[in-house]
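Here's the structure, in structure tokens; my notes come after.
Computation of the quantities below employed the complete heavy-atom set of this structure, encompassing side-chain atoms and omitting hydrogens, waters and symmetry-equivalent molecules.
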Amino acid sequence: MSNTTKSLAGQRIASLLDENSFVEIGGCVTARSTDFNMQQKKAPGDGVITGYGVIDGHLVYVYSQDASVLGGTIGEMHAKKITGLYDMALKMGAPVIGLLDCAGIRLQEATDALNAFGEIYMKQTLASGVVPQVTAVFGTCGGGLALVPALTDFTFMEGKKAELFVNSPNALDGNTKEKCNTASAQFQSEETGLVDFVGTEEEIRAGIRELIAMLPSNNEDDMSYEECSDDLNRVCADLANAAGDTAILLSNIADDHHFVEVKAAYAPDMVTGFIRLNGTTTGVVANRTEMYDAEGTLVKSFESVLSARGAEKAAEFVTFCDAFEIPVLSLTNVTGFKACKCSEKRMAKAAAKLTYAFANATVPKVNVIIGKAFGSAYVAMNSKAIGADVTFAWSQAQIGMMDAQLAAKIMYADEDIKVINEKAAEYAALQSSAAAAAERGYVDNMIEAEDTRKYVIGAFEMLFTKREDRPSKKHGTV
């Protein structure tokens, strides 16, 4: 192990990887530029440590920026080390983890440094959908460097000291850092959705290790499974009571109750993350109407509607799962689209992206309707019409155009309340029940809530060898 691991950047790598597994690459590289007396400044490793190691036995490639060397700024050789690491990761089919702590572009290298940024972006683009990319922001990540985590699949951010921004808060017209710290982990996780996980350095290291253990090494990896010791037919008693907080529901049906949530702070009305079912990593997308804390106290309630943020969050996640051949399970409980001016600005586009993501994905897809499934919002949530391979519905689920009472009021607007109630009951039986949808083939099986785990495991086992042909094209445009 190189003595560069004595630096903070090196310590971060050593504490992230399995003990004594890190092998450094390019430790002797230094800056080539001589402009502005650069030759008089020592630049060991050119401000970045690169190499490979293992996490729970899985090969990973890691780079860690060293803020103690020229502020960790990116120059020509700094970027060359990172792009060379990407080349190796692509050849070997292993994830790339970037630990960011950088003052930005190296001004002394000017156009060389600008070109260096572009070369990193290019390698990230080529690697997208081929190997998982994870970044963790520990210090400053500003300007053009902010594109680096945005081009990766998952981003972690230290909660107190780290800063992530394109324009610093004080550079925004009418704003100051004290007024609204747009560079903070809170803003970047709750408002922009760029950051998936926020925590201390120790929590970030543990989170990255947990995530890497869940993910395949590359888009052709068929070894992302582990032995399942949990009962495949385990009955999940009282699961119906968790229909509001689907994060709890997913934990209950997962192997060993283990659920890794992604972007938990952003659009919490939509839950996304990973569970294992019979040892197989499965991506999950679920509507949520309630949020409880660890003590079981209700923290927040949401309407059972699809928001623009929630749709965008889910669409991005489904696209990732499809790229890496990760099966997708969805839990549907939605009555329509969120109705407010802010959401309306991008609601149609966001819902279209979600619809496209589900329809375009060729991985095994299972949908469980756990509550109400009304209108076009239901269609967008992995309905059979847009490609769900298997659809289950809890026995008390409702599926249809809209709430039966509202439908009756529209159809019989001139009638009295007695007639409206009678017609509402008739509409509910004929058009809004899970049984009615099953009779038309839109639901494959009606199940009891407590049996959800065994049914979805059985469905994914059946779908394991799924193959699906699509029209030949370069790529879609949505």
Side-chain angles (χ1 to χ4, degrees), residues 55-56 58 154 156 196-199 202-216 224-265 268-300 313-314 317 320-321 326-333 364-371 390 392 394 447-461 463-464:
I55 291 180
D56 289 334
H58 300 285
F154 302 100
F156 293 74
D196 296 273
F197 307 92
V198 175
E202 184 178 354
E203 289 170 339
I204 288 172
R205 290 193 295 269
I208 293 176
R209 290 181 63 88
E210 182 181 44
L211 181 63
I212 291 296
M214 275 282 190
L215 300 179
S224 57
Y225 315 104
E226 64 178 27
E227 193 69 28
C228 177
S229 58
D230 200 350
D231 183 2
L232 304 185
N233 296 311
R234 173 165 53 83
V235 174
C236 303
D238 300 321
L239 195 66
N241 294 333
D245 194 338
T246 43
I248 296 174
L249 192 161
L250 290 165
S251 296
N252 279 322
I253 67 172
D255 292 354
D256 303 315
H257 302 276
H258 184 54
F259 171 45
V260 179
E261 189 171 359
V262 176
K263 285 183 172 48
D269 55 292
M270 182 71 76
V271 177
T272 56
F274 299 102
I275 62 174
R276 287 191 186 274
L277 292 171
N278 192 16
T280 302
T281 295
T282 304
V284 290
V285 176
N287 304 118
R288 174 159 55 187
T289 58
E290 296 174 332
M291 182 184 292
Y292 291 87
D293 61 18
E295 285 71 41
T297 303
L298 180 64
V299 176
K300 198 170 184 180
K313 171 181 173 179
F317 182 78
F320 171 84
C321 290
I326 299 173
V328 175
L329 168 67
S330 59
L331 305 179
T332 299
N333 180 21
K365 294 173 289 187
V366 174
N367 185 30
V368 182
I369 301 169
I370 63 173
V390 178
F392 298 114
W394 286 0
I447 64 175
E448 296 303 318
E450 62 187 18
D451 295 325
T452 301
R453 172 175 163 81
K454 71 176 182 180
Y455 274 101
V456 296
I457 287 177
F460 281 122
E461 286 286 308
L463 293 167
F464 182 75

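Side chain of D56 to main chain of A213: no donor-acceptor pair is present (N/O by atom type, distance under 3.5 Å, no hydrogens or angles). No donor-acceptor pair closer than 3.5 Å links the side chain of S330 to the backbone N or O of V328. No donor-acceptor pair under 3.5 Å is formed between the side chain of R453 and the backbone N or O of L277. In this structure a side-chain-to-backbone donor-acceptor pair under 3.5 Å is present from K313 to K263. Side-chain N or O atoms of D293 include one that pairs as donor or acceptor with a backbone N or O of E295 at under 3.5 Å. No donor-acceptor distance shorter than 3.5 angstrom exists from the side chain of D196 to the backbone of V262, with no hydrogens or angles considered. Looking only at distances, no side-chain donor or acceptor of T272 sits under 3.5 Å from a matching main-chain atom of A314.
Aromatic ring pairs are classed by plane angle as parallel below 30°, tilted from 30° to 60° and perpendicular above 60°; the pair F317 and F274 is tilted.
Only one option out of V235, I253, N233 pairs with K454 in a side chain to side chain contact (heavy atoms under 4.5 Å, CB included); it is N233.
Under a 4.0 Å N-O distance rule, the pair R276/D230 does not qualify as a salt bridge.
Residues passing the ring pair (Phe, Tyr, Trp, His ring centres under 6.0 Å) test with Y455, sequence neighbours excluded: F392.
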Stepwise ring-ring contact (aromatic ring centres under 6.0 Å, His included) test for F154 and F197: CA-CA 8 Å; F154 302 100; F197 307 92; 7.0 Å; no
